[in-house]
Each structure stands twice: as C-alpha cells, then as structure tokens.
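Values reported hereafter were calculated over all heavy atoms of this structure, with side chains retained and with hydrogens, waters and symmetry mates removed. Chain letters run A, B, ... following the sequence lines, proteins first and then strands; every chain starts at 1.
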Amino acid sequence: MPTKPAQGRRHWLVKSEPDVFSFDDLLKRPDKTTHWDGVRNYQARNTMRDDMKKGDLVFFYHSSADPTEIAGVAEVVRDGYPDPTALDPKDPHFDPKSKADAPSWYMVDIKAVEKLKRPISLAELRTMKGLEKMTLLQKGSRLSIQPVTEAEWKIVYAAGMKG
DNA sequence: GCCAACGTTGGC
DNA sequence: GCCAACGTTGGC
C-alpha cells in the first residue's frame, strides 16, 4: 500500500504514560504497531472513528512522566474500527453499555515511524514560538487524542530532529 | 501527594 | 434539563 502523499496527511498527538506503554515499547512491538485501545472519552472516540486516517502522522507524547515530553513520531496504519476491549467483561476497559452491533468505542492502529533525535519536553514546547495555540498547551487540556496543525507539526518536528 | 480542570452520572 | 457529586487526568 503506497504511503499517503504528504499533502493529504493530517496530524495528531496521542498521550501515553510511559510506565504503562512508552514509545520504546511501540518500537519493540511486532511490526512496531499497536491497537490504540482503551480510550473512553467521547471526543477522542470521535476523532479516532471519524478523522484519523491511514497515513496521518502522530506525535507520541509521554504524560505523567519526568519530564513529560514528545518522544517520537508514529503513523496511523488503520482507520478507526470498533474497540473489542469494550465488549470483554474481563478487560479493565469493559463497558457494559457497549454492544457488539452498536459499538460505543473505537480505536485505530498506529505504527512507530521514528524516535525524535531529541525529545521535546512540555516545558520547552511552552517556550517555542508558534505553538501558543497548540491544544496540548491550553490550560486544562486533558484530551488524550488531539489535533496538531501542520504549522505546529513542522515547528516541533524540526526541533526534535535537529539533534 | 495535591489539586485544578474536566467529563460523566444520576437525582430531582 | 439542571446541576451537585463524583471520578479521572495529569502537571506540578
């Protein structure tokens, strides 16, 4: 499958606690790929179900870490589809209200593309020109899956790859 | 560990 | 439909 041309790509940021699942963990997965399951927030669900498309690029952010930082770049390799963990009573993310024929929760598959040469911490992001409106930096922003504009993407990526 | 901000639930 | 109570997120 050919890679989507850069023009059509949208950009996202996903949060993960590295103690639970880090960017290095993603790199170690078979085919460097995982299901982004267990998300139980409607706005994040809508983003995965409706907006994230194969070929889109994703910043992998380490939350609840020291320091909190953007660690790497991943790529969406499968569009949104129902999250089976919502239907599994033994799964910690089980949702009794979700039904197989009317799934409440969705996930995408993401694949590691490259680690940043230099991770960019939240503190540094706050100092960088052009990121003032970045969703991650807004007060009270808790969204675990959020959009990144192309301009924001370029600024952060350039800094992270400068080494 | 604290706590502000936010999302969800449920009583009314 | 309102909103108080509760649970969670996540930076510090």
Whole-Å distance between B:dC6 C1' and A:Gln43 CD?
-> 11 Å

N-O pairing of A:Asp109 and A:Lys54 below 4.0 Å = no

For B:dT8, does OP1 or OP2 lie under 4.0 Å from any side-chain N or O of A:Lys97?
-> no

Given C:dG10, B:dT8, C:dG11, which nucleotide is nearest the side-chain atoms of A:Thr68?
-> C:dG11

Looking at B:dT9, B:dT8, C:dC12, which one has an atom nearest to any side-chain atom of A:Leu122?
-> C:dC12

Quick one: A:Leu143 CG to C:dT8 P, roughly how many Å, whole number?
-> 18 Å

Side-chain N,O (A:Tyr61) to OP1/OP2 (C:dG11) below 4.0 Å = yes

Classify the angle between the aromatic ring planes of A:His11 and A:Trp153 as parallel (below 30°), tilted (30 to 60°) or perpendicular (above 60°).
-> tilted

For atom CG of A:Leu136 and atom C1' of C:dT9, their distance in whole Å = 13 Å

What nucleotide among B:dA4, B:dT8, B:dC6 has an atom nearest to a side-chain atom of A:Lys139?
-> B:dA4

OG1 on A:Thr34 to CG on A:Asp25, rounded to 0.5 Å = 9.5 Å

How many Å lie between CG on A:Asp95 and P on C:dT8, as a whole number?
-> 14 Å

Can you tell me how far P of C:dT9 sits from NE2 of A:His62, to the nearest Å?
-> 17 Å

Check whether more than 12 heavy atoms from other residues, nucleotides or ligands sit under 6.0 Å from atom CD of A:Glu114, and answer yes or no.
-> yes

d(CD1, A:Ile145; P, C:dG10) in whole Å | 11 Å

Look only at the side chain of A:Arg9 and the backbone of A:Gly55, and say whether a donor-acceptor pair between them is shorter than 3.5 Å.
-> yes

Nucleotide C:dG10, atom P - distance to CG of A:Asp19 in whole Å = 14 Å

Under-4.0 Å side-chain N/O to phosphate OP1/OP2 contact, A:Lys15 with C:dG10 | yes

Interatomic distance, A:His93 NE2 vs B:dT8 P [rounded to whole Å] | 16 Å

